[in-house]
2 protein chains.
Amino acid sequence: MGSIRDRRPPVMADVAKEAGVSHQTVSRVLNEHPNVRGETRARVLEAIEKLGYRRNLVARALVTKHSRTLGVVSFDTTLYGPASTVYGIERAARAAGYFVSIVSLKSIDRSGVRDALDYLADQAVDGIVVVAPQRSAAEALADLPVGVPTVAVEGGEAGDVSVVCVDQVEGGRLATRHLLSLGHETVWHVRGPSDWLEAEGRVAGWRAALALEGREAPEPLAGDWSPRSGYEAGRSLASMRDVTAVFVANDQMALGVLRAFTERGVRVPDQVSVVGFDDIPESEFFSPPLTTIRQDFGAVGRHSIEVLLRQIEGQGPWARERLVVPPSFVSRASTARP
Amino acid sequence: MGSIRDRRPPVMADVAKEAGVSHQTVSRVLNEHPNVRGETRARVLEAIEKLGYRRNLVARALVTKHSRTLGVVSFDTTLYGPASTVYGIERAARAAGYFVSIVSLKSIDRSGVRDALDYLADQAVDGIVVVAPQRSAAEALADLPVGVPTVAVEGGEAGDVSVVCVDQVEGGRLATRHLLSLGHETVWHVRGPSDWLEAEGRVAGWRAALALEGREAPEPLAGDWSPRSGYEAGRSLASMRDVTAVFVANDQMALGVLRAFTERGVRVPDQVSVVGFDDIPESEFFSPPLTTIRQDFGAVGRHSIEVLLRQIEGQGPWARERLVVPPSFVSRASTARP
DNA sequence: AGACCCGTTGTTAACGTTCACAGTCTTGCC
DNA sequence: GGCAAGACTGTGAACGTTAACAACGGGTCT
C-alpha cells in the first residue's frame with residue numbers, strides 16, 4: 001500500500017505490482033496483444049479497475065510517435081459552412097478514436113496558414129485537415145510541413161495534397177439551369193469574394209449553364225457572403241428593369257437580396273425568381289422559402305477524415321486523392337415562371 | 001554530420017553537439033532561463049536555426065505534466081451560439097499559447113458528458129471548458145474528474161465549478177419590458193426546450209417583467225430552437241385573436257414565427273410585434289428586420305478562458321467564480337405600438 | 001529422446017525532454 | 001590574496017510508456 005498522502009495517480013508499474021505481473025504484461029493487456037493468458041488478463045483488468053488506473057497518453061505518444069490527434073485549420077468557424085464541416089470532421093475523427101485540435105484563423109493569408117500548420121506540427125498531430133476555401137489558403141498548402149499527412153477541404157489544385165470538396169461548378173450549373181428551364185431569358189448573379197474558390201466555381205457553373213443555352217451573361221454583382229452585401233446587391237438589382245432571375249452565391253446574401261426586394265416592392269417569385277446556395281437551416285423559412293443548392297457538409301467532413309486516415313494508417317507514399325461531393329437542388333417557393 | 005539517410009528530426013542533443021554545449025543549456029535557452037551567457041545563447045540559437053530543430057512538446061509534456069492544451073466540450077457546434085462561443089474560446093486560448101482540443105456532443109446526456117470529460121482527461125489537458133447549456137450537462141459537472149480546472153459556460157449552479165454566462169433572465173426582462181413599454185397589454189412567449197437553462201432563464205425574465213406590471217402571463221408555447229418549431233408556434237399564435245406582442249426565445253424560431261405570420265397575412269409590426277433573442281447575423285435582414293436581444297458570445301468565450309487560466313496558473317485551491325455577461329437590446333423594425 | 005516451435009512472461013533499453021544538483025568560473029570586497 | 005556570492009554550465013536521473021529481445025515451459029515432429 002502506498003502512503004496515505006499518496007495522491008499520485010497510479011501508473012503501469014502500480015497495476016503490475018497489484019496484479020503480480022510485469023508492467024509489460026499490463027501494457028500487453030491494454031494494447032490487446034493476443035498472447036496473454038485469459039486468467040492473467042483478468043487479473044490485470046481487475047487491478048486496473050481497483051486502482052482506477054488510466055494510461056498516460058503522453059508517455060505513450062512519446063514512444064510511439066503517434067498522438068492520435070488530428071489538427072484542423074479552419075477559417076471563421078462562425079459561418080455555417082465551415083462550422084458544419086468542422087463538426088462533421090470532429091465527429092468522424094472521434095468515431096475513429098482520434099482527438100481533434102482546432103485552429104481557427106481570422107483571416108487566411110499565407111503566413112497565417114503556415115503558422116497554424118507549424119503550431120500543429122509542434123503538437124505532433126498525426127494528420128491535418130485544412131479547410132481552405134480561399135485561394136491564398138490553398139496556395140499556402142504548397143509549402144507544407146513534409147511528413148504529415150494532409151487533406152484540404154474545398155481547396156484548390158495547388159500543392160500535392162488530397163482534396164475533398166463539393167462540386168461548386170455543378171451547383172452553379174444546377175441553379176442556373178433551373179432558372180432557365182422555368183423560361184427566364186437570362187440569370188443574374190450575386191457572387192462571393194473573388195479570392196474564394198467556391199465563389200469562382202459557382203460563377204463558372206453559372207456562366208457555363210448560360211453559355212450552353214446561348215445566353216449572354218450579365219456582369220455579376222460582387223458580395224462578401226454577408227447578408228448586408230446581398231442587401232446592397234439586391235438594391236442594385238431592384239432598380240434595374242430587366243431582371244427576372246437571380247442566382248445568389250449563398251443563402252445569407254440571398255436573404256439580403258430578398259429583404260431589398262421586399263423593401264422596394266419587388267415581389268418574389270412573381271416578378272423575380274431567386275436561388276440561393278448552401279441550404280442553411282433558416283432558408284426554408286425565408287419569405288418566401290428559398291429555393292437553393294444544398295451542400296452536404298457532414299459528408300465532406302466525414303470523407304476528409306476517411307481520406308486522411310487512409311493516408312495515416314496506410315503505409316508508403318500516399319496517393320493524392322480527389323473526392324468530389326455532389327450538391328443537390330432544393331426546390332422551394334422563391335422561383336417561378338417569368 | 002549525420003548520415004545521408006538521416007531523416008530523423010533533430011533533437012536537443014543534436015543541437016547541443018552542434019553548438020558545443022550540453023543539452024541542458026539548449027533547454028535553458030528554449031525556456032528563456034536568465035542565466036545563459038549572451039554569446040552561448042546566440043550559438044545555440046544559430047544551431048537550432050541551422051538544424052531546423054523544433055522542440056518535442058510531447059516529451060516536454062511528459063515531464064512537466066502540462067500539455068498546454070485546453071479541452072472544450074460543446075453541444076452541437078452547428079448552432080450559432082455554441083459555434084460563436086467556441087470560436088471565442090479558441091481564439092482566446094491560442095492567444096494565451098494554449099492548444100484547444102474539441103469534443104462536440106450530439107446529445108448532451110450525463111454519460112455523454114462524462115465520457116467526453118474522461119476522454120479529455122486522458123489526453124492530459126490542463127483545463128476544460130464545458131459549454132453546458134442543458135440542465136443534464138450541468139448536472140454531469142457535479143461528478144467531475146478532480147484535479148482538472150474546469151469552467152462551465154452557460155451552466156447552472158450544480159457542482160462547484162466556475163461559471164461564465166449571459167444574464168438570460170435580464171435578457172427576457174429587456175425584451176418583455178420593451179414590448180410592454182410600447183403599450184402592449186401582455187406579451188406572449190415562444191420558449192426554448194425545458195431542459196435548457198437558457199430557455200428557463202428567458203422564461204423567468206419574461207414572467208418577472210410581466211408580473212412587475214401586474215400583467216397575466218399567458219401559457220408559453222414550446223419550441224426547440226429550430227425555425228420549424230417557431231413556424232408552428234407562429235401558426236398557433238396567428239389563429240388567436242388577442243395576440244399583439246410575442247417574445248421568441250431565439251432568432252431562428254422568430255424567423256419561423258415571422259414566416260407563419262406572413263403566410264397567414266398577419267402584418268409585423270402593424271398587427272403583432274415580435275422580439276427575438278441572440279442577434280444572429282441574419283436577423284437584421286429578416287422581413288421585417290428583427291428587434292432582438294444580443295448576446296456577446298465572443299466575450300463569453302474570452303472570459304471563460306480568463307477564468308480558466310486564472311485557475312490553472314494560479315496556485316492553491318481556486319475560488320469558484322461566477323461571471324455574468326449582460327445582454328443588450330437591439331432595436332429594429334419588428335416592434336411597434338399596438 | 002532431442003530439436004524445435006510457439007505461447008506466455010519478464011528484463012532492459014529506448015523515446016526527448018526537464019529537474020535537481022553539482023560543479024566551474026567570475027567578480028567584488030575585505 | 002583569499003573568500004563568498006553569484007553567474008554560468010554540465011551530469012545524471014527522472015517522467016510512463018512501448019519495443020526488442022531473452023527466458024521459460026509445454027507440446028509436436030522426426
Side-chain angles (χ1 to χ4, degrees), chain A residues 2 6-45 47-48 51-69 99 121-126 147, chain B residues 2 6-45 47-48 51-69 99 121-126 147:
Chain A
D6 199 4
R7 279 270 160 273
R8 174 181 61 89
V11 298
M12 223 173 235
D14 300 326
V15 175
K17 190 185 292 180
E18 176 73 28
V21 297
S22 73
H23 64 113
Q24 176 64 329
T25 297
V26 177
S27 171
R28 277 192 271 253
V29 169
L30 252 22
N31 294 318
E32 289 171 345
H33 189 100
N35 293 350
V36 177
R37 198 148 46 98
E39 194 232 334
T40 311
R41 180 193 314 279
R43 230 174 39 241
V44 169
L45 256 21
I48 288 175
L51 300 180
Y53 168 77
R54 317 218 59 177
R55 112 169 99 188
N56 182 325
L57 292 184
V58 175
R60 175 180 219 209
L62 177 60
V63 52
T64 61
K65 311 277 190 203
H66 296 302
S67 57
R68 291 201 78 79
T69 296
F99 293 91
D122 269 2
Q123 212 203 12
V125 293
D126 294 345
Chain B
D6 199 5
R7 280 270 161 273
R8 175 182 60 90
V11 299
M12 224 174 232
D14 300 326
V15 175
K17 189 187 290 181
E18 176 74 29
V21 297
S22 75
H23 64 114
Q24 175 62 351
T25 297
V26 177
S27 172
R28 276 191 271 254
V29 170
L30 252 23
N31 293 319
E32 290 171 346
H33 188 100
N35 292 350
V36 177
R37 196 150 46 100
E39 194 232 335
T40 310
R41 179 192 315 279
R43 227 170 45 237
V44 170
L45 256 20
I48 287 175
L51 299 180
Y53 168 77
R54 319 216 59 175
R55 113 167 97 187
N56 183 325
L57 293 183
V58 175
R60 174 179 220 209
L62 178 60
V63 49
T64 61
K65 312 275 190 205
H66 295 302
S67 58
R68 290 201 79 78
T69 296
F99 293 90
D122 270 1
Q123 212 201 15
V125 294
D126 293 345

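Each chain gets a letter, A, B and so on, in the order the sequences are listed, and its residues count up from 1. Values in this document were obtained by computation on a predicted structure and should not be read as measured data.
Counting all heavy atoms, side chain and backbone alike, A:A16 lies closest to A:H23 at CB-N, 3.5 Å. Taking every heavy atom of both residues into account, B:H33 and B:V36 meet most closely at O-CG2, 3.8 Å.
For A:V11, the side-chain contact (heavy atoms from CB on, under 4.5 Å) criterion is met by A:R8, A:A13, A:D14, not counting sequence neighbours. Applying the side-chain contact (heavy atoms from CB on, under 4.5 Å) rule to A:Q123 yields the partners A:T69, A:S101, A:L120, A:V125, B:T69, B:F99; only residues at least two apart in sequence or on another chain are considered. With sequence neighbours left out, B:D126 forms a salt bridge (Lys or Arg N to Asp or Glu O under 4.0 Å) with no residue at all. For B:A124, the side-chain contact (heavy atoms from CB on, under 4.5 Å) criterion is met by A:V58, not counting sequence neighbours. Every residue two or more places apart in sequence or in another chain that forms a side-chain contact (heavy atoms from CB on, under 4.5 Å) with B:E39 is listed here: B:R37, B:R43. Residues satisfying the side-chain hydrogen bond (donor to acceptor under 3.5 Å, both in side chains) criterion with A:N31, sequence neighbours excluded, are A:S27, A:R55, A:R60. The side-chain hydrogen bond (donor to acceptor under 3.5 Å, both in side chains) check on B:S22 picks up B:T25, with sequence neighbours excluded.
In this structure, A:L57 and A:R68 have side chains that are not in contact, with every pair of non-hydrogen atoms separated by 4.5 Å or more. Counting only heavy atoms from C-beta outward, the side chains of A:I48 and A:L45 approach each other to under 4.5 Å.
When DNA chain C is scanned in the 5' to 3' direction for atoms under 4.0 Å from non-hydrogen atoms of chain B, the outermost contacting nucleotides are C:dG16 to C:dA20.
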**Report entry** Footprint string (nucleotides 11-27 of chain D, 5' to 3'): B base within contact, S backbone only, - free, heavy atoms under 4.0 Å
**Finding:** BB--BBBBBB-------

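No contact: A:V58 has no heavy atom under 4.0 Å from any strand.
The terminal axes of the helix from C:dA1-D:dT30 to C:dC30-D:dG1, fitted over 5 pairs per end, subtend an angle of 50° to the nearest 10°.
The stretch residues 23-34 of chain B participates, sequence neighbours left out, in no salt bridge (Lys or Arg N to Asp or Glu O under 4.0 Å) pair at all.
For the contact set between residues 35-45 of chain A and DNA chain D, defined by any heavy atom under 4.0 Å, there are no members.
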